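Below: one structure, written as structure tokens.
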Amino acid sequence: MLSRLILRAAPAALRSLPPPVTVGVLHATRPLHTTQRCLGPLPPLPEKGGEVRYGLIPEEFFQFLYPKTGVTGPYMLGTGLLLYFLSKEIYVINHETVAAVCILSVIIYGVKKYGSNVAAFADKLNEEKVAKALAVKNEAIKDLETAIEQEKKEQWRAEGCSFLFDAKRNNVAMLLESSYRERLLMVYNEVKKRLDYQVALQNLKRQKEQDHMIQWVEKNVVQSITPQQQKESIAKCILDLKALSKSAQAAV
Amino acid sequence: GPLSERRLMDVRLGELPAWLATCNFSPQGLLGGVRKAWSSYYDKYINVKRGGPAGISMLLAGYCLLSYGWNYQHIKCHRWRKYH
């Protein structure tokens with residue numbers, strides 16, 4: 001728990017840097033990059049430190065003595081050593097002993113009472129730091145994902161260009177076709193007009209000739225009728241009329 | 001593994017002189033040894049996510065013992081008995 005407070009000092013000095021760098025510096029104090037280039041992320045810190053009994057003696061000592069002396073071996077060793085030091089006065093009891101006892105009791109009382117609170121506070125600070133870094137990472141991932149989606153959409157749009165070009169090609173073909181047909185019609189009309197003109201011309205010529213011929217024939221016939229012939233024809237007509245009227249009277 | 005690369009805790013008692021012979025006792029070697037020892041202690045007890053009082057309490061206890069040892073000649077004068 002106190003170690004966590006010591007760890008606070010390192011990042012506090014580096015608070016000016018953005019969060020990922022401070023987290024990286026916190027990890028960089030371990031000499032893991034000295035051997036070879038490490039391209040991946042560092043392994044996470046271990047959860048708990050090595051086991052220590054009574055805050056002073058590592059657990060490995062007890063395990064080391066367990067096969068030969070069992071569970072009480074280290075305690076017997078400790079008691080024996082303590083009594084030996086006291087009896088031979090290798091450890092001398094003086095005013096410093098009293099001071100040490102008082103200080104130790106105060107420290108132990110403080111640790112036992114407020115240890116968990118301080119630990120929770122330090123854990124919360126750590127948690128916030130990690131959450132901030134994680135938020136940055138998630139933000140970056142989300143941005144990249146939206147960028148990927150937009151890119152895919154652009155690719156899909158580019159695929160659709162082929163349809164666009166097909167439609168345009170169809171339009172152009174239709175325009176060409178329609179203009180071709182228009183010109184064909186124009187040609188047909190012009191040719192027909194010319195041919196009609198020729199036909200009308202010929203008809204007119206024939207009619208004129210006919211009229212002229214009829215007039216000429218009439219003129220000649222009228223001229224050829226002499227007054228003698230005129231009298232004879234009138235007398236004949238009167239005779240015919242009389243004969244007809246007689247036959248008509250007879251019929252009635 | 002080979003003798004020179006093993007840590008002190010893994011060396012058996014009979015091999016201790018041989019292991020000491022392979023040690024590098026130049027200043028750089030000693031400094032390297034000190035640095036390795038400190039870093040192994042630091043990584044095991046202090047640089048963890050949920051440490052406890054054990055990390056520095058052991059350092060303080062070691063400091064207390066060392067200073068007692070350095071001042072032993074002066075403390076010997078304050079003994080209670082003359083003969084042990």
Side-chain angles (χ1 to χ4, degrees), chain A residues 1-7 10 26-32 34 43-61 64 84-97 99-100 103-104 107-108 110-112 114-116 118-120 122-123 126-127 130, chain B residues 1 4-14 16 24 28-29 31-84:
Chain A
M1 173 236 28
L2 291 172
S3 59
R4 273 177 268 197
L5 288 180
I6 289 182
L7 274 181
L26 212 56
H27 283 269
T29 46
R30 286 189 291 172
L32 280 177
T34 49
L45 284 176
E47 276 290 327
K48 297 181 68 61
E51 280 288 320
V52 170
R53 229 188 260 206
Y54 300 112
L56 281 180
I57 304 155
E59 194 64 37
E60 280 87 5
F61 182 65
F64 175 67
Y84 168 67
F85 287 146
L86 280 173
S87 75
K88 282 287 203 195
E89 286 214 282
I90 296 176
Y91 177 70
V92 179
I93 297 190
N94 49 8
H95 60 287
E96 285 180 14
T97 313
I103 291 174
L104 276 178
I107 287 178
I108 288 176
V111 165
K112 284 267 185 281
Y114 301 112
S116 49
V118 173
D123 277 344
N126 233 7
E127 201 81 4
V130 166
Chain B
S4 60
E5 287 172 6
R6 267 191 267 168
R7 302 155 64 92
L8 181 56
M9 288 292 136
D10 300 332
V11 171
R12 310 195 77 91
L13 210 55
L16 196 56
N24 184 13
Q28 291 97 322
L31 207 62
V34 167
R35 204 162 355 123
K36 216 160 41 143
W38 164 252
S39 72
S40 58
Y41 176 81
Y42 182 74
D43 288 335
K44 185 156 181 207
Y45 291 105
I46 301 185
N47 199 13
V48 294
K49 272 193 207 160
R50 303 174 54 88
I56 37 166
S57 72
M58 282 200 281
L59 286 174
L60 288 174
Y63 171 68
C64 287
L65 286 176
L66 257 182
S67 63
Y68 187 86
W70 284 334
N71 294 337
Y72 186 60
Q73 294 301 321
H74 175 74
I75 292 175
K76 234 176 19 176
C77 310
H78 294 291
R79 282 188 181 179
W80 290 41
R81 295 270 184 273
K82 197 163 155 199
Y83 301 106
H84 297 104

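Note that the structure is a prediction, hence the values are computed from the model and not measured. The chains referred to below are lettered A, B, ... by the order of the sequence lines, with proteins before strands, and numbering in each begins at 1.
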Looking only at heavy atoms, the pair that brings P58(A) and Y45(B) closest together is CB-OH, 3.4 Å
At a heavy-atom separation under 4.5 Å, does Y54(A) approach chain B through its side chain, its backbone, both, or neither? neither
Tell me whether the count of non-hydrogen atoms from other residues, nucleotides or ligands lying under 6.0 Å of CZ in R79(B) goes above 12. yes
In Å, rounded to the nearest 0.5 Å, how long is the span from CG of D123(A) to CZ of R50(B)? 5.0 Å
I107(A) versus chain B, the contacting section by heavy-atom distance below 4.5 Å: neither
Those residues of residues 65-78 of chain B that come under 4.5 Å of chain A on a heavy-atom basis, listed by number, are Y68(B), Y72(B), I75(B), H78(B)
Could you tell me whether a side-chain N or O of E89(A) sits under 3.5 Å from a main-chain N or O of H84(B), the two making a donor and an acceptor? no
SG of C64(B) to CG of L56(A), rounded to nearest 0.5 Å, is 9.5 Å
Which heavy-atom pair separates M58(B) from G55(A) by the least distance, and what is that distance? CG-O, 4.0 Å
Check each atom of R81(B) against the heavy atoms of chain A and say whether the ones under 4.5 Å are side chain, backbone, both or neither. both
Best-contacting candidate, K48(A), K88(A), E51(A), against chain B by heavy atom pairs under 4.5 angstrom: K88(A)
